[in-house]
Amino acid sequence: MSLKILSVKKSVPQKIVSNEDLAKFLDTNDQWISSRTGIKNRHICTSESLVDLCEDAVKKAVEQAGIAFSDIDLVICSTLCGDYLMPSLACCVCERIKISCPAFDINAACSGFIYALDIADGYISTGKANNILIISAEMMSKLVDWTDRTTCVLFGDGAAACIVTKGNAIRYLKLTAKGDTNLLSFPVGTGNSPYKETRSNGFVNMQGQEVFKFAVFMIESQSKLAFEKLNITADDIDYFVLHQANKRIIESARTRLKQPEEKFPINIQNYGNISSVTIPLLLDEMLEDGRIKKGTRLFLSAFGAGLTTGTCVMIWE
Ligand code: COA
């Protein structure tokens, strides 16, 4: 592998929605949501567009990396759905920050950040790019059904941007995709074609318990593969930076890996599940508070619709 992360910065919308706020219009309560998921609050877009959040995160990430906008030679944006289906969110960002370079979106659902790292690695290792801007940006609030208490309480909005360049931080990276549209999906609306025979509901559909089991199984089995390949054990990892979808999923993975709580950072209580944003957002917070520094050994693991997974071991440079 051939890259390192130079900087990571987050941007979340101003409005914070608590579990109590949701209980004002849904048949739910703080006790149920926090005990089943660990979530207390989430940030939800009001006036902000996704590109607004991206612009804010990108400006901070570029400044922290100490490069100029003009040094960016590729933009990869991981999103389930940008502000437009076309142009891509990556192109909207190029317009905002006035750069002109290849730019495209990818959708690997909640595993998107790790998929983007793998794509960036390909570009860097073949010499096709030097400084790549990876953005994860999600507005889950426009995808969920706000009358469905089983899904809308779980998600939040936000973005995170990072600059990656040539380096040796990533020691292992593996992606998987099962091929499944049953457990977690969002069917795109069918438009107004007079010929289309079926209509979709256009909201997130999820079989929560099945997704839960898939997540725990995959984190454990993929970590075993990674550790075998690198000839290390879970004890050699400083932090397990897992996709923040449910605190109980993280806890189950931790128990199976027989590791102490402090090695599994959790911030889901403040943000909910922001799909592909959760891992870079957590990295930003861990860099800010000093938990990540040069030499810190990280295990990243994400899972999401598809069903996709991404697993990565890196030593921070
Ligand atoms: N408030 C109150 N009650 C709720 C509720 C809510 N927000 N959502 C569901 N319930 C009810 C259900 O209707 C059900 O009631 P019933 O027993 O009368 O039928 C009961 O709570 C239990 O529901 P269940 O779905 O069995 O709960 P659970 O313990 O499996 O937790 C999830 C549900 C969604 C929190 C959990 O399955 C989960 O997190 N799965 C993983 C989802 C995920 O990570 N998705 C993203 C992947 S990237």
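Every number for a ligand or one of its atoms is a count from 1 in the order of the listing.
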At what distance is the nearest protein heavy atom to atom 38 (C) of ligand 1, and which residue and atom is it?
N246 ND2, 3.6 Å
Between R248, H243, Q244, which one has a non-hydrogen atom sitting closest to atom 31 (O) of ligand 1?
R248
Test item: T309 side-chain N/O and F303 main-chain N/O as donor-acceptor pair under 3.5 Å:
no
Give me the residue, atom name and distance of the protein heavy atom closest to atom 9 (C) of ligand 1.
W32 CZ2, 3.4 Å
Among non-hydrogen protein atoms, atom 7 (N) of ligand 1 lies closest to R149 O, 2.9 Å
Of all the non-hydrogen atoms in the protein, which one sits nearest to atom 29 (O) of ligand 1, and at what distance?
R36 NH1, 2.7 Å
Would you indicate whether E20, at its atom CD, is surrounded by more than 12 heavy atoms from other residues, nucleotides or ligands within a distance under 6.0 Å?
yes
Shortest non-hydrogen pair, A90 vs V75, comes out as CB-CG1, 3.9 Å
Answer yes when E251 and R254 have at least one side-chain N-carboxylate O distance shorter than 4.0 Å, and no when they do not.
yes
Quick one: nearest non-hydrogen protein atom to atom 30 (O) of ligand 1, plus distance?
Q209 CG, 3.1 Å
Please confirm whether L22 approaches ligand 1 to less than 4.0 Å, judged on its heavy atoms.
no
Does Y84 OH have over 12 foreign heavy atoms under 6.0 Å away?
no
Among non-hydrogen protein atoms, atom 48 (S) of ligand 1 lies closest to C110 SG, 3.2 Å
Under 4.0 Å between a side-chain nitrogen and a carboxylate oxygen: does that hold for K9 and E288?
yes
Return the residue, atom name and 0.1 Å-rounded distance of the protein heavy atom closest to atom 40 (N) of ligand 1.
G208 O, 2.9 Å
Given I67, which partner from the list T165, V62, L133 fulfils the side chain to side chain contact (heavy atoms under 4.5 Å, CB included) test?
V62
If you measure from each non-hydrogen atom of T37 to ligand 1, which part falls under 4.0 Å: side chain, backbone, both or neither?
side chain
